[in-house]
**Student:** 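One structure, pasted below without further comment.
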2 protein chains.
Amino acid sequence: MPTQTEENYLKAIFKLSGNEKELVSTNAIAEELETKASSVSDMVKKLSEKNLINYVKYQGVSLTNEGRDLAVHIIRKHRLWEVFLVNRLNFKWDEVHDIAEQLEHIRSSELVNKLDAFLCYPNYDPHGDPIPNAKGEFPKTTAIPLSEVQSKSKVKVVAVELDEPGFLNYLDKLNISIGTQVEILEVNDFDDSIDIKIDDVQRHISVEVAENILISVL
Amino acid sequence: MPTQTEENYLKAIFKLSGNEKELVSTNAIAEELETKASSVSDMVKKLSEKNLINYVKYQGVSLTNEGRDLAVHIIRKHRLWEVFLVNRLNFKWDEVHDIAEQLEHIRSSELVNKLDAFLCYPNYDPHGDPIPNAKGEFPKTTAIPLSEVQSKSKVKVVAVELDEPGFLNYLDKLNISIGTQVEILEVNDFDDSIDIKIDDVQRHISVEVAENILISVL
DNA sequence: TATAATTTTTAGACATGTCTAAATTAATAT
DNA sequence: ATATTAATTTAGACATGTCTAAAAATTATA
């Protein structure tokens, strides 16, 4: 059974390895977990001995099937708790991340599955992130970043890629939340900023923001 | 901010010091936490430095106001989570203790208070134990152990003093739960066992069991 | 009250996870 | 191909919380 710290390492490696199972570097993990590369080196050795990751010195690491499975189940817990906090306890979507970071480490598969049932088996968390089921399978999603939309079109916000209160708060100000319909008016070539219209109000957003909003074209 | 371990020590000391603020011995704490007296000695020194307990070498410890307050708030969290687990997630009352032991360490006063509201400010947990409010005040209770009932009478079960699955399971078998009406038929002097009647079924229970069932006389 | 038994504390060790500073390996540039 | 730079690992230290074994203090007993 991995410790909480080990779980956080697995989660970070999962997040950083993306869809194509890239090798993850020591430095990348250190940055993600706000720790030092030397600490990562130590931990990576331990996770490797437990067969949770593949590790080649100076090369990088990747998750084993067992490690990946553990990471996915931690993410499952994190996202289910976020649904609970927002939908049942009336937290706002920018307030739940830190609490869910704690709750995701509670050990009880019974608890997770009963919570899942209690919440009616949600497919997405309050930020639009997909929630894996008890088998560890993610619901299919075909979302793209708003920054990749070329032409004038109408789209729907399906998720956000950043969990930080500051960012989520800014979206609240723009009246953007999951499900919001957005009309693309103009993509400005020189700085890739976008002019959009929400509920007949025209707005201007930067690439940095657009990159972190996932949409599906209507 | 105390660590999880420190919180567990505070909780144990609170439990052991009873209503009359007795001094708690090192050995008692060690037994309660299933650890060694030497470990307790170390920890007690640390808690004392943090002004959470009063500690005199070789004498014993007692909680300071600050330590007591912390302990009470951990108990508050524990019991609120138990209500959530039983009333909302449909756990049985003998299944929730270990999970609540984990949940009680989640840090967020916002969370506790929203959970409290979500559960409609319950006064008692599934085992009948009183839940302190946000100020740390316990609801008044005037329950006595079933073992102290002298005469033939009708009583109502209001709480249990033991959280162990084995004991709770046994009560389930006897059809005893919080709120159950029990008729005392006979107290047997030689072994203090009691003959009772529940729903017209006659039963026989030992002192050990009776001591851990709290009742109020009807 | 002196001695025995018990309780509590201390000393020294270990495991976990972290850090800084130094050493090693790999990547990049000249 | 060699020198420089960057990334990674190792060595040694520290903090937390635990343990065993031994010492000290307290309590009980004769």
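Remember, it's a predicted structure, so these values are computed and weren't measured experimentally. A note on names: the letters A, B, ... follow the listed sequences, proteins ahead of strands, and every chain is numbered from 1. The figures here come from the full heavy-atom set of this structure, side chains too, leaving out hydrogens, waters and symmetry mates.
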**Student:** OP1 or OP2 of C/dT10 versus the side-chain N and O atoms of B/Lys45: is any pair under 4.0 Å?
**Tutor:** yes

**Student:** Got a sec, which pairs hit ring pair (Phe, Tyr, Trp, His ring centres under 6.0 Å) with one end in residues 95-117 of chain B, sequence neighbours left out?
**Tutor:** B/His78-B/His97

**Student:** Does the side chain of B/Ile53 come within less than 4.5 Å of B/Met43's, by heavy atoms?
**Tutor:** no

**Student:** How would you list, by chain and number, every residue that makes a salt bridge (charged side-chain N to carboxylate O under 4.0 Å, His left out) with B/Glu110, sequence neighbours excluded?
**Tutor:** none

**Student:** Round to a whole Å and report the spacing from NZ of A/Lys57 to C1' of C/dT25.
**Tutor:** 11 Å

**Student:** Between atom CG in B/Asp42 and atom C1' in C/dT8, what is the gap in whole Å?
**Tutor:** 12 Å

**Student:** Once side chain to side chain contact (heavy atoms under 4.5 Å, CB included) is applied, do any residues pair with B/Leu162, and if so which ones, sequence neighbours excluded?
**Tutor:** B/Glu164, B/Phe167, B/Asn212

**Student:** What is the distance from CD of B/Gln59 to P of C/dT8, rounded to the nearest Å?
**Tutor:** 10 Å

**Student:** Please state how far atom CG in A/Leu47 lies from atom C1' in C/dT16, giving the value in whole angstrom units.
**Tutor:** 13 Å

**Student:** Would you jot down, in residue-number order, the residues of residues 26-35 of chain B having a non-hydrogen atom under 4.0 Å from DNA chain C?
**Tutor:** B/Thr26, B/Asn27

**Student:** What residues, two or more places apart in sequence or in another chain, satisfy ring-ring contact (aromatic ring centres under 6.0 Å, His included) together with A/His73?
**Tutor:** none

**Student:** Just how far, in rounded Å, is P of D/dA15 from CE of B/Met1?
**Tutor:** 21 Å

**Student:** Please give, in whole Å, the distance from C/dC19 P to A/Met43 CE?
**Tutor:** 11 Å

**Student:** From C-beta outward on A/Ser41, which listed nucleotide comes closest to its side chain: D/dT8, D/dT18, C/dT10?
**Tutor:** D/dT8

**Student:** Suppose we call two aromatic rings close when their centres sit under 6.0 Å apart. Are A/Phe84 and B/Phe84 close by that rule?
**Tutor:** yes

**Student:** With sequence neighbours excluded, tell me which residues meet side chain to side chain donor-acceptor pair (under 3.5 Å) with B/Asp172.
**Tutor:** B/Trp93

**Student:** Restricting to pairs with a member in residues 22-39 of chain A, which pass side-chain hydrogen bond (donor to acceptor under 3.5 Å, both in side chains), not counting sequence neighbours?
**Tutor:** A/Lys15-A/Glu32

**Student:** Just jot down the side chain to side chain contact (heavy atoms under 4.5 Å, CB included) partners of B/Asp129, sequence neighbours excluded, or say none.
**Tutor:** B/Arg79, B/Asp125, B/His127

**Student:** What N/O pairs connect the protein and nucleotides 20-24 of chain C at under 3.5 Å? Give each pair on its own line.
**Tutor:**
unit_1	atom_1	unit_2	atom_2	d
C/dT20	OP2	A/Lys36	NZ	3.3
C/dT20	O4	A/Ser38	OG	3.1

**Student:** Between A/Tyr9 and C/dT16, does any side-chain N or O lie under 4.0 Å from OP1 or OP2?
**Tutor:** no

